[in-house]
Amino acid sequence: MLHIQEPKWIAPVPGEFHTWQQLLVTGHMDVQTYPGRAQQASLVRVMENFIDPLCRHLGMPARITSGWRSKFVNIRINGAKGSKHTKGQAVDFDFKGLSSFDIAALVVELGLDYDKLIAYHPEVGGHVHVSWVSETANRNRMLECFRDDDGDKAYRVYTP
């Protein structure tokens with residue numbers, strides 16, 4: 001991580017099941033930074049409104065594969081321009097023993113609110129991406145990500 005002072009966090013932990021450090025981990029810690037207070041507040045909302053209810057229902061923490069991303073990290077991994085990760089509004093995760101499609105079906109069953117949920121096929125990671133903006137701005141848009149015939153990532157609307 002860049003040599004900057006760790007911030008004063010707005011809460012001791014971002015949710016019931018996870019730590020701030022779990023939301024900061026990236027394969028590019030040399031260019032990772034800490035989220036500002038607005039991004040921290042957004043991360044807390046994602047955790048409290050989406051990740052924590054899933055964890056409570058399943059009785060276990062999620063495995064966070066990406067939470068906060070600095071703009072430098074997002075560029076380095078070729079993340080989407082305007083990625084909600086850089087705003088603290090998105091988390092990528094999975095749960096041991098469940099496919100991304102199992103998780104998507106559970107989200108629908110539980111009636112959880114979200115902005116965008118992407119269920120990734122195993123060949124493109126097998127994880128779930130979720131963004132959560134606000135109760136009034138969330139679109140509840142669900143997609144699946146797969147490899148097309150040319151081997152490129154492709155997306156389509158998904159309904160469990």
Side-chain angles (χ1 to χ4, degrees), residues 7-28 32-71 73-74 77 79-122 124-146 153-160:
K8 182 173 181 182
W9 298 106
I10 63 168
V13 292
E16 293 176 44
F17 296 85
H18 300 88
T19 66
W20 287 111
Q21 290 305 315
Q22 289 171 306
L23 292 176
L24 298 176
V25 171
T26 173
H28 300 281
Q32 179 67 301
T33 61
Y34 292 108
R37 296 183 74 71
Q39 293 86 6
Q40 290 176 38
S42 292
L43 285 164
V44 168
R45 285 190 291 275
V46 174
M47 301 306 283
E48 288 179 346
N49 291 289
F50 191 88
I51 302 293
D52 285 351
L54 278 175
C55 293
R56 277 194 299 276
H57 180 81
L58 294 169
M60 67 175 128
R63 183 176 70 100
I64 306 293
T65 57
S66 182
W68 161 253
R69 289 185 200 153
S70 70
K71 290 185 181 186
V73 169
N74 201 56
I77 67 165
K81 290 182 180 173
S83 170
K84 297 242 189 273
H85 285 280
T86 65
K87 299 172 185 175
Q89 297 174 334
V91 173
D92 296 347
F93 67 97
D94 60 23
F95 284 98
K96 185 177 180 176
L98 295 177
S99 74
S100 62
F101 299 99
D102 294 334
I103 296 167
L106 182 58
V107 166
V108 171
E109 179 185 321
L110 295 175
L112 295 178
D113 188 35
Y114 55 91
D115 181 50
K116 183 165 54 174
L117 184 144
I118 305 171
Y120 285 80
H121 283 244
V124 284
H127 62 282
V128 173
H129 164 93
V130 68
S131 61
W132 200 98
V133 179
S134 73
E135 291 174 358
T136 56
N138 286 341
R139 300 171 289 169
N140 290 293
R141 183 168 187 227
M142 190 175 287
L143 305 172
E144 64 179 307
C145 179
F146 58 97
K153 277 188 192 178
Y155 298 84
R156 64 181 163 226
V157 173
Y158 178 70
T159 305

Q | For the student: nearest non-hydrogen atoms of H85 and A90, plus distance | A | ND1-O, 3.3 Å
Q: Answer yes or no: are there more than 12 heavy-atom neighbours, outside R139 itself, under 6.0 Å from its atom CZ?
A: yes
Q: Please check if the side chain of T86 supplies one atom and the backbone of G82 the other of a donor-acceptor pair under 3.5 Å.
A: no
Q: Measure the OG1-CG distance between T65 and D92 for me, rounded to the nearest 0.5 Å.
A: 4.5 Å
Q.
A side-chain contact here means heavy atoms from C-beta on lying under 4.5 Å apart; do V13 and M47 qualify?
A. no
Q. Ignoring hydrogens and geometry, is there a side-chain-to-backbone donor-acceptor pair from N74 to K71 under 3.5 Å?
A. no
**Q.** Note, L117 side chain near I103 side chain (heavy atom, < 4.5 Å)
**A.** no
Q) Parallel, tilted or perpendicular for Y120 and Y155, by the 30°/60° rule? A) perpendicular
Q: Could you grab the distance from atom CD1 of I51 to atom CG of L43, nearest 0.5 Å is fine?
A: 10.5 Å
Q.
Main chain of K8, side chain of R37: is a donor-acceptor contact present, judged purely on distance under 3.5 Å?
A. yes
Q.
Return the CD to CH2 distance between Q89 and W132, rounded to the nearest 0.5 Å.
A. 9.5 Å
Q) For F101, what residues pass the ring pair (Phe, Tyr, Trp, His ring centres under 6.0 Å) criterion, not counting sequence neighbours? A) H121, Y158
**Q.** Flag side-chain contact, heavy atom, 4.5 Å: L58 against L106
**A.** yes
Q.
What verdict does the side-chain contact (heavy atoms from CB on, under 4.5 Å) test give for L110 and L54, after you've listed the backbone C-alpha separation in whole Å, the side-chain angles of each residue and the deciding distance to 0.1 Å?
A. CA-CA 8 Å; L110 295 175; L54 278 175; 4.0 Å; yes
Q: For residues Q32 and S70, report the shortest heavy-atom separation together with the two atoms involved.
A: OE1-N, 3.0 Å
Q | Pairwise side-chain contact, L143 with K116, heavy-atom cut-off 4.5 Å (strictly under) | A | yes
Q.
Would R69 and T26 count as a side-chain contact (heavy atoms from CB on, under 4.5 Å) here? Give the steps.
A. CA-CA 8 Å; R69 289 185 200 153; T26 173; 5.9 Å; no
Q: Taking the side chain as every heavy atom from C-beta outward, state whether Q39 and Y34 have any pair of such atoms under 4.5 Å apart.
A: no
**Q.** P61 vs H18 side-chain heavy atoms within contact, under 4.5 Å
**A.** yes
Q.
Is there a side-chain contact between F17 and D52 in this structure, where contact means two heavy atoms from C-beta onward sitting under 4.5 Å apart?
A. yes
Q: Please indicate whether R141 has more than 12 foreign heavy atoms, meaning atoms of other residues, nucleotides or ligands, lying under 6.0 Å from its CZ.
A: no
Q.
Just verifying a value: how many Å separate L23 CG and W68 CH2, rounded to the nearest 0.5 Å?
A. 11.5 Å
Q.
Nearest 0.5 Å, please: how far is NE2 in H127 from CZ in F95?
A. 14.0 Å
(Q) If the condition is side-chain hydrogen bond (donor to acceptor under 3.5 Å, both in side chains), which residues does S100 pass it with, not counting sequence neighbours? (A) none
Q. Rounded to the nearest 0.5 Å, how far does CZ of R63 lie from CG of D94?
A. 4.0 Å
Q) Which heavy-atom pair separates K96 from M60 by the least distance, and what is that distance? A) O-CE, 4.0 Å
Q: Locate the shortest heavy-atom distance separating C145 from I118; write the atom from each residue and the value.
A: CB-CG2, 3.8 Å
**Q.** For P160 against A105, the heavy-atom pair lying closest together
**A.** CB-CA, 3.8 Å
Q) Taking C-beta and beyond as the side chain, do C55 and E16 meet within less than 4.5 Å on heavy atoms? A) no
Q | Heavy-atom pair of closest approach, residues P7 and P35 | A | CG-O, 4.4 Å
